[in-house]
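Below: one structure, written as structure tokens.
A, B, ... follow the sequence lines: proteins, then strands. Residue 1 opens every chain.
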Amino acid sequence: MEHERGVQALAPVVDFSALDKRQRLAIDENADAIEIEHAVVLGDVPGQIDGVGISRAAGALDAEAHADRRRIVGKKALHALKRGGGELDRHGHGRLAEGTARQSLAPRVPDRSWRSPAIQVPSRIQMPPPDAPTRLRNTPLSAMMRGFQRSAWRINSLESRSKQRMSVVSVKQALSGALPAGSRISVRGWVRTRRDSKAGLSFINLSDGSCFDPIQVVAPDSLANYADEVQRLSAGCAVIASGELVASQGKGQGFELQASSVEVLGWVEDPETYPIQPKAHSLEFLREVAHLRPRTNLFGAVSRVRHTLAMAIHRYFDQNGYCWINTPIITTSDAEGAGQMFRVSTLDLMNLPRTDKGAIDTRKDFFGKDAFLTVSGQLNVEGYCLALSKVYTFGPTFRAENSNTARHLAEFWMIEPEIAFADLAENARVAEDLLKFVFRTVLDERPDDMAFFADRVEKSAISRLEAFINAPFERIDYTDAVAILKKSGKKFEFPVEWGIDLQTEHERYLVEEHVGRPVVVTNYPEKIKAFYMRLNDDGRTVAAMDVLAPGIGEIIGGAQREERLDVLDARMQQFGLDPAHYQWYRDFRRYGSVPHAGFGLGFERLVVYVCGLANIRDAIPYPRVPGHAEF
RNA sequence: GCCCGAAUAGCUCAGCUGGUUAGAGCACUUGACUGUUAAUCAGGGGGUCGCUGGUUCGAGUCCAGCUUCGGGCGCCA
């Protein structure tokens with residue numbers, strides 16, 4: 001938002017919002033009293049004056065090192081800003097007053113070591129105008145400030161020639177048809193491809209991630225920087241293109257941008273080794289460059305769909321009267337059967353405190369006891385369920401299991417609704433309703449990305465979601481499922497027997513061969529399910545459910561909770577759990593206990609399914625799995 | 001944790017039962033052509049064939065170990 005105003009503004013904008021310690025140090029050595037933050041000049045500036053240009057004039061920074069940042073830093077800039085009649089707004093962004101910005105100054109002698117192609121150092125020396133305020137001319141302004149003024153002067157010169165102002169729009173807005181042809185706009189993004197035409201123009205496909213399609217920027221050779229810069233653009237370069245939005249003369253897009261200026265903000269230092277090329281990459285390779293893969297079509301699309309799914313989930317619960325509860329990330333509950341946990345500790349591993357008996361003294365640890373990253377917010381959220389009736393969690397979850405599959409992450413996001421006064425049937429109904437709602441939403445709101453998945457990733461990406469939405473879920477009792485599997489005549493690696501948990505191969509048969517659409521399997525043997533699941537009247541099964549979907553298997557696991565204290569205690573004893581650790585959880589059954597139910601939905605598994613991905617590591621920005629936590 | 005497979009240019013891959021100077025496409029670069037659509041055409045640069053050892057007259061190719069990546073399974077969401 002600031003950027004949009006910044007480009008429209010004709011005076012430079014000083015952005016004091018970000019901080020980099022190393023930057024600060026480097027600057028402190030070279031220019032005393034320059035301490036902080038960023039100075040960013042935004043504008044439609046044909047002469048390539050930008051933050052780096054300023055730093056060049058200032059001589060305050062190692063230009064080479066900062067050529068790609070177009071940002072500089074300075075406390076003196078702040079002083080100078082105020083002295084020069086500018087001010088800081090409430091966001092910490094500085095702005096020069098127009099009058100003072102006319103101050104120009106003498107640029108330094110061009111420096112041969114300055115090799116950034118983005119910068120053209122003016123060769124002519126400009127003297128300050130005689131009408132400039134004396135205090136501005138005589139004060140030893142920081143070099144930084146002089147840089148601002150110089151670029152501001154140039155911007156203002158441009159303004160006097162043309163009253164037209166560019167408004168910054170996203171590529172999505174530009175392509176949407178919402179803006180009339182002839183609109184003067186700026187778009188900002190990263191180059192996907194560049195094609196030159198000897199007719200005297202270049203075509204730049206520019207993407208800013210706001211939608212699947214890039215916008216085609218038509219850059220004529222009349223641009224001042226055409227030969228120097230435009231024709232050197234390669235994939236990944238950051239660019240601000242300004243000009244007129246016009247109906248495209250070529251095929252393939254409705255609108256394009258007829259550029260009157262193409263400003264290069266960030267070059268790709270070595271186009272040959274830039275990992276993201278306009279070609280198909282393997283997913284394995286892209287995982288190795290997870291920090292750059294969002295620039296690909298696929299990961300851009302996955303990211304937008306992931307966002308849309310998250311918003312749809314929140315919207316579903318919000319519209320249905322659920323309250324979002326933020327359960328703790330750090331827990332001191334003992335393992336609750338959901339898996340291995342990551343320990344959270346501030347103890348010095350090289351010098352562990354010991355008890356008299358030689359054991360590690362966790363009383364000396366940060367929380368005074370063992371602490372772990374949560375494996376589920378369910379136990380905590382039950383308390384809020386028994387007060388707010390309909391609640392859900394949506395947050396990160398951690399499992400320290402050594403799982404090496406395409407369906408497991410050590411860190412993932414989970415959605416866990418918990419519904420008071422609900423039984424297992426209601427639980428299953430909500431699960432079905434939720435999934436169908438979010439699938440419908442993503443088909444409605446991200447047709448461009450979904451079309452890409454159907455085209456390049458998984459042919460049935462769209463059709464299977466439509467089928468999912470239109471078919472009622474099948475409901476099968478575990479006992480019946482076992483009978484079906486036994487009768488199937490299929491040879492399974494793990495033989496089916498009542499009392500075993502269903503294996504992946506069994507689930508796949510049920511879903512993909514026997515039913516062909518999503519299945520809810522209910523009422524599992526009590527021995528194989530968690531202690532908090534409600535014991536059925538038969539005494540040998542619990543009111544648990546798994547939602548199985550074609551292509552991914554188990555996407556949801558849930559249960560009606562055991563609301564009877566005596567039964568819960570017996571179950572905990574059976575599982576060898578110490579009730580002392582669960583006093584607070586038992587309290588829910590002591591004070592106003594009611595039947596309630598809930599389930600857990602793995603968010604990344606949802607993303608995998610919707611996008612037609614094969615590996616869950618591609619459904620989260622920076623996947624964490626055993627042996628890997630790069631980036 | 002168990003089983004299986006793979007590793008050749010910046011990327012995607014070919015390279016047959018071991019045989020002379022290891023190839024293609026993309027990317028980069030030079031030129032031609034062009035309102036182009038991951039443009040096209042012609043030329044050029046670019047390789048410790050994952051690492052270590054072994055078999056052999058000869059190893060990208062066969063063997064062993066290691067490393068890394070992938071697939072399947074278990075645990076689960």
Side-chain angles (χ1 to χ4, degrees), chain A residues 191-205 213-220 231-232 234-236 246-253 256 258 268 270-289 292 296-297 337-340 375-378 393 396-416 431 456 492-494 500-505 507-508 528-530 546-549 552-558 599-609 614-617 619-620 625-628:
Chain A
V191 173
R192 279 288 170 74
T193 60
R194 187 202 83 236
R195 296 174 295 278
D196 298 326
S197 167
K198 274 287 154 47
L201 59 161
S202 289
F203 302 96
I204 303 161
N205 276 1
D213 288 318
I215 189 170
Q216 173 157 286
V217 175
V218 182
Q231 289 200 299
R232 293 183 47 238
S234 60
V246 298
S248 180
Q249 296 173 36
K251 293 164 196 158
Q253 62 277 319
E256 64 188 19
Q258 189 68 42
V268 167
D270 182 3
E272 203 166 345
T273 56
Y274 178 63
I276 310 301
Q277 297 174 2
K279 68 183 288 295
H281 290 94
S282 68
L283 294 171
E284 294 80 12
F285 169 71
L286 290 171
R287 274 171 221 145
E288 293 169 15
V289 288
L292 295 174
T296 62
N297 281 332
Q340 288 287 110
V375 293
S376 164
Q378 182 207 313
T393 72
T397 312
F398 308 87
R399 303 275 166 92
E401 246 127 42
N402 190 17
S403 296
N404 296 293
T405 80
R407 301 185 308 283
H408 290 87
L409 291 164
E411 176 184 273
F412 64 99
W413 287 62
M414 188 156 65
I415 298 104
E416 296 174 292
R456 296 292 180 87
F492 293 113
E493 189 186 342
F494 295 87
I500 62 139
D501 206 357
L502 297 182
Q503 304 293 312
T504 301
E505 55 177 340
E507 295 178 347
R508 289 184 69 105
I528 60 171
K529 289 292 183 181
D546 283 352
V547 178
L548 313 176
I552 30 169
E554 183 182 339
I555 190 170
I556 281 177
F599 60 83
L601 166 62
F603 187 49
E604 283 74 20
R605 289 189 179 177
L606 191 68
V607 175
V608 161
Y609 187 64
N615 195 312
I616 202 166
R617 299 172 192 196
I620 190 167
V625 296
H628 291 284

Is any N or O donor-acceptor pair between the side chain of [X] and the base of [N] shorter than 3.5 Å?
X      : N     : value
A:S403 : B:C75 : yes
A:R605 : B:C76 : yes
A:R399 : B:A77 : yes
A:H281 : B:C11 : no
A:Q253 : B:U37 : yes
A:E272 : B:G10 : no
A:Q277 : B:G10 : yes

OP1, OP2 of [N] versus side-chain N and O of [X]: anything below 4.0 Å?
X      : N     : answer
A:H628 : B:C69 : yes
A:Q503 : B:G74 : yes
A:R194 : B:A38 : no
A:R195 : B:U37 : no

_Atom CZ of A:R195: over 12 foreign heavy atoms under 6.0 Å_ =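 Above 12, so yes.
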*Picking from A:N615, A:V608, A:T504, what satisfies side chain to side chain contact (heavy atoms under 4.5 Å, CB included) with A:R407?*
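Of the listed residues A:N615, A:V608, A:T504, the side chain to side chain contact (heavy atoms under 4.5 Å, CB included) partner of A:R407 is A:T504.
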*asked:* Exactly one of A:I616, A:L409, A:T405 should register a side chain to side chain contact (heavy atoms under 4.5 Å, CB included) with A:V625. Which one does?
replied: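 That would be A:L409; it is the only one of A:I616, A:L409, A:T405 passing the side chain to side chain contact (heavy atoms under 4.5 Å, CB included) with A:V625.
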_Checking A:N404 now: which residues fulfil side-chain hydrogen bond (donor to acceptor under 3.5 Å, both in side chains) with it, not counting sequence neighbours?_
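A:N404: side-chain hydrogen bond (donor to acceptor under 3.5 Å, both in side chains) contacts with A:N402.
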I need the [atom1]-[atom2] distance between [X] and [N], as an integer number of Å.
X      : N     : atom1 : atom2 : result
A:K198 : B:U34 : NZ    : P     : 9 Å
A:F494 : B:G74 : CZ    : C1'   : 7 Å
A:L286 : B:C11 : CG    : C1'   : 10 Å
A:N205 : B:A39 : CG    : C1'   : 11 Å

_Inter-nucleotide P distance (B:U8, B:A14), Å rounded_ =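 These two P atoms come out 10 Å apart once rounded.
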*Considering only atom P, compute the distance from B:G50 to B:A22 and round it to an integer number of Å.*
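Taking atom P in both B:G50 and B:A22, they lie 15 Å apart.
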Base, sugar-phosphate or nothing for [X]? Non-hydrogen atoms, less than 4.0 Å.
X      : answer
A:R192 : nothing
A:S248 : base
A:A280 : base
A:D270 : nothing

*Hey, which of these two, A:F412 or A:E256, hits RNA chain B nearer its 5' end, going by closest nucleotide?*
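The residue closer to the strand's 5' end, by nearest nucleotide, is A:E256.
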*In terms of the nearest nucleotide of RNA chain B, which residue is placed more toward the 5' end: A:T504 or A:S197?*
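Nearer the 5' end of the strand: A:S197.
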*asked:* Distance alone, cut at 3.5 Å: any donor-acceptor contact between the side chains of A:S376 and A:E416?
replied: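 Yes, a side-chain donor-acceptor pair sits under 3.5 Å.
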Nearest to the side chain of [X], heavy atoms from C-beta on, is which of [options]?
X      : options             : result
A:Q216 : B:U36, B:C75, B:C28 : B:U36
A:P278 : B:G35, B:A27, B:A39 : B:A27
A:E284 : B:U12, B:A77, B:G70 : B:G70

_Base paired to B:G25 (Watson-Crick or G-U; both N/O distances under 3.5 angstrom)_ =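 Looking at the geometry, B:G25 pairs with B:C11.
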